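Predicted model, so just to flag it, every value in this text is computed and none were measured. So you know, we letter chains A, B, ... as the sequences are listed, proteins then strands, and number each from 1.
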There are 2 protein chains.
Amino acid sequence: MSKKAPIPLKDSCVEAAREVIAEKGLEALSLREVARKLGVSHQAPYRHYPSRDHLLAAVMARCFEDFRMHLESRPTSVDAEHDLGELGRAYLQYANDHPLEYRLMFSTPWPAPAEHPDLVRNAVFAFDVLRNVLRLLAGTMPPEEIDQRALFIWSCVHGLCGIRTGDVMQHLAIAPSVTDLPGEQVLAMISLAMRPV
Amino acid sequence: MSKKAPIPLKDSCVEAAREVIAEKGLEALSLREVARKLGVSHQAPYRHYPSRDHLLAAVMARCFEDFRMHLESRPTSVDAEHDLGELGRAYLQYANDHPLEYRLMFSTPWPAPAEHPDLVRNAVFAFDVLRNVLRLLAGTMPPEEIDQRALFIWSCVHGLCGIRTGDVMQHLAIAPSVTDLPGEQVLAMISLAMRPV
DNA sequence: GTCTAATGTAGACACTGTCAACAACGTCGA
DNA sequence: TCGACGTTGTTGACAGTGTCTACATTAGAC
């Protein structure tokens with residue numbers, strides 16, 4: 001028990017904020033609610049985060065970190081093409097298991113990002129996971145073309161996740177069997193599109 | 001000049017709300033701001049919309065209506081496959097020209113949708129545009145399979161739009177030439193995937 | 001010990017959504 | 001004509017929020 005670490009308030013705030021978002025939605029996130037949850041005065045969090053947006057940025061940065069770690073912990077494979085498929089599956093699974101976090105990262109207006117380098121950095125790190133796989137898969141390919149393929153693949157997978165985690169989907173009267181299906185279909189099509197190098 | 005229509009406040013509110021969102025973002029949308037913009041008391045909008053969420057739902061419903069009209073005004077084509085391509089182009093163009101509206105429709109938490117049938121109805125109408133094209137393209141195909149294909153196509157196109165209109169994109173240090181490219185690529189791949197009926 | 005910086009507290013302000021009471025207004029039946 | 005009535009808009013109030021300022025506490029360095 002290191003005496004020096006009673007979980008600093010700065011970290012507790014991020015955790016509490018995630019709970020508030022999970023329980024009552026992003027709209028209901030307020031510094032005062034976080035303070036109440038932690039049993040401190042309404043100004044205590046303000047000492048560590050200059051504004052609500054800074055706390056939100058910290059939460060989002062944490063999400064990107066978790067997301068990257070989840071992607072990197074996918075089943076390993078030496079075959080680059082197969083590895084790309086595993087990456088896609090890991091991506092789909094994360095969005096399915098953590099819809100709130102997914103929405104936060106990709107469907108929420110970023111809070112004045114120039115002031116939050118951590119957020120930007122962690123987001124780039126997550127995207128780099130895909131870049132690295134493609135670099136192995138494509139061998140000697142100009143970086144620009146790698147990014148182009150990455151963007152294409154990301155688009156296809158993100159589209160499905162964005163629709164699934166969004167609100168529109170719930171009200172289109174589409175059968176659940178239909179909803180669940182296209183995951184593997186999208187992945188198969190991506191690997192098809194990557195073939196003719 | 002019909003004496004009876006000095007633009008009812010109810011409609012003006014939606015228009016003013018769209019302006020506020022365009023100028024200051026969704027977060028800054030408030031009934032009071034709308035009232036100020038229209039030069040009425042802070043409670044006047046409240047007479048027409050029981051809550052801020054109801055006004056927001058009206059704005060979103062209007063967006064879906066505009067979106068559907070834009071899709072339906074695409075260049076006509078008798079060839080169903082070519083028509084699907086035109087639909088995709090129209091979709092991409094709308095998201096490109098109206099990123100705020102696109103975000104509002106597909107990346108914003110819906111305000112208690114059960115209470116806003118207009119919103120749901122207009123969203124379904126927009127999705128029906130795609131359904132109808134596929135119905136023509138696919139001939140006699142069970143509705144479930146049509147929805148499955150619609151979801152697949154929508155995923156691919158929406159993914160690109162969602163990424164383009166999102167905030168993540170702006171900070172990944174990707175060359176603009178790369179960003180602009182995959183539009184036609186995605187469409188080509190969709191038509192490829194639709195081929196082997 | 002004392003000085004200092006970090007950390008947390010208390011109070012105030014403007015802003016917001018929302019509720020309740022009230023005023024202006026046209027409409028319609030007597 | 002007139003008065004009851006529903007519609008629309010106004011005014012005032014309340015709690016909740018972000019944020020500013022001033023103050024208290026506390027731990028560590030000298």
### Length of the line joining B:Arg47:CZ and C:dA20:P, which is rounded to integer Å
12 Å

### Task
Mind checking side chain to side chain donor-acceptor pair (under 3.5 Å) for A:Glu86 and listing every partner two or more places apart, or none if nothing turns up?
none

### Task
Just compare D:dG18, D:dG9, C:dT9 and give me whichever is closest to any side-chain atom of A:Leu31.
D:dG18

#### Entry: A:His48, nearest nucleotide to its side chain (from C:dT16, D:dT11, C:dG8)
C:dG8

#### Entry: Distance, rounded to the nearest Å, where B:Tyr46 contributes OH and C:dT16 contributes C1'
11 Å

### Query
In terms of the angle between their ring planes, are A:His54 and A:His116 parallel, tilted or perpendicular, with boundaries placed at 30° and 60°?
perpendicular

### Query
In whole angstrom, what separates A:Leu26's CG from D:dT17's C1'?
15 Å

### B:Glu27 CD - C:dC15 C1' separation (whole Å)
15 Å

### Task
State, with a plain yes or no, whether a side-chain heavy atom of B:Ile153 is found less than 4.5 Å away from one of B:Leu134.
yes

### Task
Name the orientation class of the two ring planes belonging to B:His70 and B:Tyr94 (parallel below 30°, tilted from 30 to 60°, perpendicular beyond 60°).
tilted

### Task
Look at the side chain of A:Arg32 and the base of D:dG16, then say whether one donor and one acceptor between them are separated by less than 3.5 Å.
no

### Task
Check the distance between C:dG17's C1' and B:Glu33's CD and give it to me in whole angstrom.
14 Å

## Note on the structure
Closest to the side chain of B:Ser30, out of D:dT19, C:dT16, D:dT8, is C:dT16

### Task
Indicate, with yes or no, if the rings of A:Tyr102 and A:His158 have centres closer together than 6.0 Å.
yes

### Message
Between the base of D:dG16 and the side chain of A:His42, is there a donor and acceptor pair under 3.5 angstrom?
### Response
no

### Task
Would you indicate whether the side-chain heavy atoms of B:Ile163 and B:Thr179 approach each other to under 4.5 Å?
no

### Task
May I ask you to list the residues of residues 50-57 of chain A, by number, that have any heavy atom positioned under 4.0 Å from an atom of DNA chain D?
A:Ser51, A:Arg52

### Query
Counting side-chain heavy atoms from C-beta on, which of C:dG8, C:dT16, D:dT10 comes nearest to B:Ala44?
D:dT10

### Task
Could you tell me whether B:Phe125 and B:Phe64 have their ring centroids closer than 6.0 angstrom?
no

### Proximity to the side chain of B:Arg36 - top-ranked nucleotide from D:dT19, C:dT9, C:dT16
C:dT16

